[in-house]
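Every chain is numbered from 1 and lettered A, B, ... according to where its sequence line falls, protein lines coming before strand lines.
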Amino acid sequence: MKTTRRTFLKGAAGGLLASRLLGGKLETLTAAPAPAAEAAGEAWVPTTCWIGKQDCGMLARRVNGRLVKLEGNPIHPRNLGTLCPKGMAQIMAVYDPNRLKTPLIRTNEKGVPGQWRQASWDEALSLVAKTLREVRARDPRRLVWQKGRSKASAFYDTAFVKATGATKLHHGAFCSDAGYRACEYTIGLHGVLHPDFRHTRYLLAWGWNLTGAGGNKLCWITWPQQMTAARERGMKIAVIDPRLRGAGPFADRWLPIRPATDLALALALCAEVVRRGAIDRDYLRKHTNAPFLVQPDGYFLRRDGKEQVWDTGSGAPQPYDAPQGQPALEGTFTYEGQILKPAFQVLKEHLAQYSPEWAASICGVPSDHIYWLAQDLIEHAMLGSTVVVDGIPLPYRPVAIMAYHVAQQELGFQLTRALLLLMMLLGSIEAVGGQRIDFTWKLHENFKKLDEIEIKDPPYNIYLKDSKFFPINSNNSALVAKVMQDPAKYGVDTLPEMAIVHMANPVLSFGSKPDIIEGYKKFKFVVVIDAWLSETADLFADVVLPAATLEKYEGPLSATDQYTDAVALRLPPMAPLYQARGEIDIYLDLCEKAELLYGKGGYLDHLNQALKLKGPYALPLDQKPAVRDIFDRWAKSQGLKEGIAYFEKHGVWVKGSIPAKKYYGYAQEPPFGGIRHRLYGESLLRYRDTMRAKGAAEIYWRDYTPLPTWRQPTMEGSPAQYDLYLISYKLIEFKQSRSSFIPLLAELAPEQRLDINPRTARARGIADGDEVWVESHNAVTGETRRVKVRARYTEAIRPDTVGMPHHYGMWVHPWAKGQGPAASELFFTGEGYVANTADQSFHVKVRVYRA
Amino acid sequence: MAVQERLERLPYGLGRFTPAWYALAGVLLALVALGAYAYLRQLIEGLIVTGLRDLGTMRGAAWGLYITFDIYFVGVSFAGITMAALIRLLNLEALKPVSRMAELLTIIALLLAGLVILPDLGQPLRGIVNLFVYARPQSPFFGTFTLVIAGYLFASLVYFYLDGRRDAALCAQVPSRLQGFHRLWAAGYRDTPAERQRHARTSFWLAIAIVPLLVTAHSTLGFVFGLQVGRPGWFSALQAPGFVVMAGVSGIGLLLVVAAILRRVLRLQEELTPAVFAWLGRLLLLLIVIYLYFTAVELLTSLYAGHHHEVALTRALLVGEYSALYWVSMGSLVLALLLLVGQVALRAYSIPLLVLSGLLVNVAAIGKRYLIVVPSQTHGALLPYGVGWYAPTWVEYSIILGLFALGTFLYALFVKVFPIVEVPAVQGGKR
Amino acid sequence: MARYGMVIDLDRCTGCRACVEACKVENNTPRGSFWMHVFRFEEGEFPNTRVWFMPRPCMHCDNPPCAKVCPVGARYKRDDGLVATDWKRCIGCRYCEVACPYGVNCFNWKSPEKNYYLDWQDPELTARTNGAIPPYKNPDLEGRYGPEQRHVAGGGHLKGVMEKCTFCVHRVEKGLSPACVANCPLFALHFGDLDDPDSNVSRLLREKRSFRLLEELDTQPRVHYVGSGHAPGAEARQIEHVKGRI
Ligand SMILES: Nc1nc2c(c(=O)[nH]1)N[C@H]1C(S)=C(S)[C@@H](COP(=O)(O)OP(=O)(O)OC[C@H]3O[C@@H](n4cnc5c(=O)[nH]c(N)nc54)[C@H](O)[C@@H]3O)O[C@H]1N2
Ligand SMILES: Nc1nc2c(c(=O)[nH]1)N[C@H]1C(S)=C(S)[C@@H](COP(=O)(O)OP(=O)(O)OC[C@H]3O[C@@H](n4cnc5c(=O)[nH]c(N)nc54)[C@H](O)[C@@H]3O)O[C@H]1N2
Ligand code: SF4
Ligand code: SF4
Ligand code: SF4
Ligand code: SF4
Ligand code: SF4
Ligand SMILES: [Mo]
């Protein structure tokens, strides 16, 4: 277990591989000459970053039991021996004397800053277990388990949720779920959009905050590493973002788009591509529903339950999967008195209204730039070309889009659909160098599920699952908070009583802070599991359980960088500080106390299933295991003879590069597993009709259109004096609301700010550094909210747009005090400010004036 | 052989400590105590208690009031030794009465200059030891420490001592509490012609040696700044001569003030005639003119041909953050100049007006020193760190005030124990 | 003997400041002290704006104004190219600081115990860390380095002593790259022997356009910048400044 730094340097095969990937000429590490006999009591032990979402591999330098430094693990494919500023600085967080030290039990009323008494683990867990039993006995639906990001989902999201029957809430509706749902529904893959960086030659960075945040699935390091390597290979980047700061110097073209108008631009690009005929007919015909015949009512023509295409040979419809025939993509056909059009023809006609000039007026960018963009895309798409990868000839379409959190806008679901449509037209989906969504080709269950939703009548559950309001549903806690305030309005009859909040800080991170606060007051009993006293805990927790930071076991964690298959575990480089404990230990004990641990259907049983522990590896159902032992069994069940010792030595299990046939959808047998990508979203139309039939208001069903359709965002209805758009984004220094109080990081970005174009500021008499009020307006309810913040001039933002980063507004930790307000105070949730999939929008109209 | 002349009692009120003197001393010592307390705080807390901060990302000034006054004190020390040397070399009998006053000013100013370095050092104890153990002549600081503080002070002390021996011998004959001190100083001096001649010769050679030393010393101080390529406003060949001249301006200016005060307090109207003041005034005028010429040359160069950093700095001085201090300093200098020109032109000298000029040029000197030291740090970054900021704290002010008080106290004490003006020749105990 | 230098690829730098943090953690530098700083710049006006980044360690000048002025030889040039500060000899006069044109020097204004951001005296913590302040204190910094065996690796950040980037002498002497270089997530920082034509740094300098900062002062920096960028001129506005506060 005690591996030295030297072993890692010698065994840095991954590092070498990486440098080859990065152009082969970069020596990132100088090989170390044998260090004079390793100082006594010194070791390098593997662990993982605790802050970010991509779980970068780390080596902790430990001197006599004391952690001295965290460095990147050179063999970890995601970070190749490096760490971002948060990864580097978190050693200070580990030792932070302001961490939670013992379990806490509230002694004052809720909704105000908490007063606490310290409790023993036994007392705190007994109290939680007792309440849990009572609540479950009444109705398991009265229990909510809420997470931010889960680092051991088998243990938490699956086994615990199943064993308790809790309703699970997560943060996806604030992250990128609108995009996830659009991709799952359209392409069948779980993810949002990213390129095949090794081969892409032209990238649309569509709201990609590349120097500041992550992008798809990963946290930060991996994508920028692949991006710079790609640029050195000649890849060009066009940036579509109201702000340039995110792209930094890596923008070859910048289209400073007006916020929330992305759908218009995407549609215009689709229209231009279609107008110029630069489309991949072969792909559209074979792998999408583009040739499916659409009836005048908008539904597909079906015979014997099968969608039909127009066979140009026979001049008649035939089943789409008929082995012969030449399905038409274009044209209008009359058959048995019915006018039929292939879905592509419908799209083509639909797009006719969306010219670059039209989009230019909406998006606030010159139409020439849109033409150039279309030209660039068409040029780089290299329609018709193929390339051989791993011996398999595959289509080569080296254009792609990176878009992630930008999906969180009112039209985000349809925007992502439109971006996919653009890539589909160019045939770049899953082609070499083309549009990627997941790391490997893996059809997601939602491809089917989202097509077959049964919209129910009330009563609904608290997040309105299968409801007439949000049939495709991303489980939005801010909406939950709205429902909690007025359940009758949404046809909800059972409200939850108890919430377990795990690794999430909804009060600060989720849109519409005031709504969240009102809603969460309704929970009778709240347990927060966190390493710090989060703001959510401060206001609402009855019991706070102190979690360890990185000094615990968690996993299994994916370690792939999209080209290398790898898996990792979080391992404790030392025993948990204070009385903090790893969450897995906490859940084991809690389940035991709540009489949910043992036997069939118990936590251990569900854990066996979730971790696929069978036969000799299965956990006995009658005894509480040690956490290390669980992972040891898991590792062995995965074929690692050494079991967990392998990870204790290497930190990550790098299995090798992902072969083309596991990677590209085209390389599947049959390609894409035989599914048809949904160019035309017929089921969306069905949902729309059902929603209307069940009496849902137009505001809920209006975006359920089979083809993405532009409309003005709701916020445009705010009065003219709210003349600026507020957008939000992340800073490289911080991760959500879990690091702004780390002094090393806070020192770099000590204060909230309002990015404002000097032109806009001067017109309002605002000097650089002045305090200003930012006041937001809800176009639906007329509500206004305001916060005071310091204005910062930047020429890298549109004059009609202002920006406020996430991360600020914490108040519990001494180092977070006085950092300024949370951006989430200004955003609204609910109708007009969530997408049709219940996803939170981070856009609102504001006015800005001197304070 | 005994000293021929004989004093009946000590001249100039030596040894008589009046209540007013005690009151003054009390106030001064209280200020010294304040300074000492401030320094103690600084020793305990570190230089964090000052307004000084790092350059670069901290956007402060690493040198501030301490260095400002270090240069100021060294500058003031110009007066004494220059006077003495000039008197000796040019045989300027007219100025003789101020010679010892001036020398004392030099010695005390140098003492303060040496002392004010200590609070500027992060590690004062190491400073005292390492500056000798590891001295590096290549550092312009070496010049400051060796030539100025050591060489200059040493030369001045020797000169001062020799120059005072005769008077010490005279005073030693008068029985008083100070007799022992005077005897010690006299060290058997008897005023024989041979002795006198020996003294005159030593003093003459010392004076000869002191002049280049003087130029060098003040120049090295200029070099501390003038050799720094990386700081706009500092890197200039005129820095060294400028320092020499400004030293003269402040030194002569202060001497005017001190002389006037002593003339009043010690009733030296006979010894310190208006002619003496006129002399000093003319000298001061000459130096101011030279200084203003340098300033103009420098200003023109930086505005006309300067790099944009130079220009930015000059703007900060002329119209920016430092303009108030800049124009007060320049205004004082010009006002002093006008006062002096008027008097010279009319050949009518007024001691109050001359003293006023002396005060004005010292205000200017302090202001200009500050403007040399600070703005080049806060506004002179060559990489775009942004504009910096420095404001001294109570600790710095207290320490400087304490040092001024200490100097004044020492001066006040000295004039009570030793004749500050040469004791005139007496016959048989009578004047 | 190797003569070290650093090459910084501006085409790769994302301005993330991970190098800043790597330096801070490796060298345990106190609050407000940035041996490595990364400038973030904006140029031009909307929509013709350019945003770019420039890391700035000590330049380890071959003709170092800082070493020239040091009255006690605490700041000196080593044969391997490093400009070192002997924290056991420095008297804290800050002459090197005002002499350096690059603004890289950091003085210890406070005693270190009071300047590590947080109050680490928590008894439950100190019991576990043997009282180290900060708890992640790097034991290597106290040692003696180089043939002269001097105290040049940063030490304990003694009150009243000057310090700056050491080029991580304690790592370099072990054959490791400096902490900032080893950690840069974009591999924008490179370190090696500039005298060796085959070293990574020499190769980069041959392959790419390069410049050094304030070359006109003839300080002869050993830090080179490569890429399509240029040295910051009058038009570069610093954004998101890091201002040291103590
Ligand atoms: N340092 C850091 N990295 C992180 C995180 C973090 O907190 N800190 N969080 C991680 C997580 S959870 C996520 S989801 C990812 C997110 O990764 P990204 O999606 O890359 O990052 P965000 O900062 O959310 O990006 C928002 C970008 O969209 C732009 N934008 C805003 N409104 C519009 C619009 O209407 N149209 C267009 N075209 N652009 C718009 C903003 O200017 C900004 O550049 O980052 C991950 N990485
Ligand atoms: N204004 C604005 N708001 C945003 C965004 C934005 O760009 N702008 N981005 C949105 C996005 S993309 C997302 S993903 C959400 C994220 O929002 P959340 O998922 O709520 O993320 P955090 O705010 O980081 O909350 C995490 C909490 O978990 C705690 N924690 C961290 N690690 C652990 C652990 O190991 N165990 C336990 N038990 N607790 C832990 C932290 O201390 C913190 O209190 O925020 C969204 N909010
Ligand atoms: S990129 Fe994310 S996971 Fe990696 S070190 Fe940074 S915060 Fe941690
Ligand atoms: S770590 Fe690398 S990419 Fe980040 S700021 Fe430093 S040099 Fe630039
Ligand atoms: S950058 Fe400054 S501190 Fe570093 S060697 Fe050059 S002059 Fe000295
Ligand atoms: S502060 Fe220290 S290193 Fe710098 S010049 Fe003075 S003695 Fe030398
Ligand atoms: S070389 Fe070492 S000391 Fe210098 S900036 Fe990099 S990490 Fe800091
Ligand atoms: Mo997210």
**Asked** With no hydrogens and no angle check, is any side-chain donor or acceptor of R171(C) less than 3.5 Å from a backbone partner on S177(C)?
**Response** yes
**Asked** Closest heavy-atom contact between K69(A) and A179(C)?
**Response** NZ-CB, 3.7 Å
**Request:** Sort out for me which of T14(C), L10(C), D119(C), N183(C) touches chain A most, counting heavy-atom pairs under 4.5 Å.
**Result:** N183(C)
For residues 146-158 of chain C, run the donor-acceptor check on the side chains, cut-off 3.5 Å, and write out each pair with its distance to 0.1 Å, sequence neighbours left out.
unit_1, atom_1, unit_2, atom_2, d
Q149(C), NE2, G146(C), O, 2.9
R150(C), NE, D86(C), OD2, 2.8
R150(C), NH2, G73(C), O, 2.8
R150(C), NH2, D86(C), OD2, 3.3
H157(C), ND1, E163(C), OE1, 2.8
H157(C), ND1, E163(C), OE2, 2.9
H157(C), NE2, N27(C), O, 2.7
H157(C), NE2, N28(C), O, 3.0

**Request:** Identify which part of R31(C) has an atom lying under 4.5 Å from any heavy atom of chain A, answering side chain, backbone, both or neither.
**Result:** both
**Item:** Proximal component of K137(C), with respect to chain A [non-hydrogen, under 4.5 Å]
**Value:** both
**Prompt:** Salt bridge between D193(C) and R3(C), side-chain N to carboxylate O under 4.0 Å?
**Reply:** no
**Item:** Shortest non-hydrogen contact from S33(C) toward K24(C)
**Value:** O-NZ, 2.6 Å
**Request:** Name the member of R237(C), E21(C), R17(C) that forms the most heavy-atom pairs with chain A at distances under 4.5 Å.
**Result:** E21(C)
**Item:** For the student: nearest non-hydrogen atoms of P249(A) and R231(A), plus distance
**Value:** O-NH2, 4.3 Å
**Request:** Could you tell me which portion of K101(A) (side chain, backbone, both or neither) has an atom closer than 4.5 angstrom to a non-hydrogen atom of chain C?
**Result:** side chain
**Message:** Apply side-chain contact (heavy atoms from CB on, under 4.5 Å) to residues D198(C) and R203(C) and explain how you reach the verdict.
**Reply:** CA-CA 6 Å; D198(C) 295 328; R203(C) 253 183 302 139; 5.8 Å; no
**Step-by-step ring pair (Phe, Tyr, Trp, His ring centres under 6.0 Å) determination, F46(C) to W254(A)** = CA-CA 11 Å; F46(C) 179 88; W254(A) 176 35; 5.6 Å; yes
**Message:** Using a 4.5 angstrom heavy-atom cutoff, name the option from P224(A), P97(A), A749(A) with the most pairs to chain C.
**Reply:** P97(A)
**Request:** Would you list the pairs meeting ring-ring contact (aromatic ring centres under 6.0 Å, His included) in which at least one residue belongs to residues 9-28 of chain C, sequence neighbours left out?
**Result:** none
**Request:** Mind ranking L83(A), L210(A), L731(A) by heavy-atom pairs under 4.5 Å with chain C and telling me who comes out on top?
**Result:** L83(A)
**Asked** Side chain, backbone, both or neither: which part of R128(C) has a heavy atom under 4.5 Å from chain A?
**Response** side chain
**Item:** Contact class of R753(A) relative to chain C, heavy atoms under 4.5 angstrom
**Value:** side chain
**Request:** Under the side chain to side chain donor-acceptor pair (under 3.5 Å) rule, what do T211(A) and R245(A) come out as? Steps first, then yes or no, please.
**Result:** CA-CA 8 Å; T211(A) 64; R245(A) 172 65 184 85; 3.0 Å; yes
**Prompt:** Does any heavy atom of chain A fall under 4.5 Å from the side chain of N48(C), the backbone, both, or neither of them?
**Reply:** neither
**Interchain contact, P750(A) with chain C, by part (heavy-atom threshold 4.5 Å)** = side chain
**Interchain contact, C13(C) with chain A, by part (heavy-atom threshold 4.5 Å)** = backbone
**Item:** Under 4.5 Å from any heavy atom of chain A - which part of F34(C)
**Value:** side chain
**Asked** Quick one: of G192(C), P139(C), A127(C), who has the most non-hydrogen atom pairs under 4.5 Å with chain A?
**Response** P139(C)
**Prompt:** If you take all heavy atoms of F741(A) and W815(A), which pair is closest and at what distance?
**Reply:** O-CB, 3.5 Å
**Prompt:** Given a strict heavy-atom distance threshold of 4.5 Å, which part of D96(A) is in contact with chain C: side chain, backbone, both, or neither?
**Reply:** both
**Prompt:** Can you tell me how far CG of L550(A) sits from CG of L70(A), rounded to the nearest 0.5 angstrom?
**Reply:** 6.0 Å
**Prompt:** With under 30° as parallel and over 60° as perpendicular, where do the rings of W109(C) and F107(C) fit, or are they tilted in between?
**Reply:** perpendicular
**Asked** Among G15(C), P134(C), G32(C), which residue forms the greatest number of heavy-atom pairs with chain A at distances under 4.5 Å?
**Response** G32(C)
**Contact class of I797(A) relative to chain C, heavy atoms under 4.5 angstrom** = backbone
**Prompt:** In terms of heavy-atom proximity below 4.5 Å to chain A, should V201(C) be classed as side chain, backbone, both, or neither?
**Reply:** neither
**Asked** What part of C184(C) gets closer than 4.5 Å to chain A, counting heavy atoms only: side chain, backbone, both or neither?
**Response** backbone
**Request:** Considering only heavy atoms and a distance below 4.5 Å, find which of Y116(C), W120(C), W52(C) pairs most often with chain A.
**Result:** W120(C)
**Asked** Where on E43(C) is there a heavy atom nearer than 4.5 Å to chain A: the side chain, the backbone, both, or neither?
**Response** neither
**Asked** Who among L744(A), L67(A), I221(A) has the most heavy-atom pairs with chain C under 4.5 Å?
**Response** L744(A)
**Structural part of A251(A) lying under 4.5 Å from a heavy atom of chain C** = neither
**Request:** Please state whether the side chain, the backbone, both or neither of L125(C) comes within less than 4.5 Å of a heavy atom of chain A.
**Result:** both
**Asked** Is it the side chain or the backbone of R759(A) that comes within 4.5 Å of chain C heavy atoms, both, or neither?
**Response** side chain
**Message:** Which atoms of E45(C) are under 4.5 Å from chain A, going by heavy atoms: the side chain, the backbone, both sets, or neither?
**Reply:** both
**Request:** Write down the atom of N108(C), the atom of P30(C), and the distance for their closest heavy-atom approach.
**Result:** OD1-CG, 3.5 Å
**Distance (rounded to the nearest 0.5 Å) between K243(C) NZ and L748(A) CG** = 14.5 Å
**Asked** When the ring planes of F167(C) and F191(C) are compared, do they come out parallel, tilted or perpendicular, using 30° and 60° as the limits?
**Response** perpendicular
**Message:** Can you tell me which portion of T794(A) sits under 4.5 Å from chain C's heavy atoms? Options are side chain, backbone, both or neither.
**Reply:** both
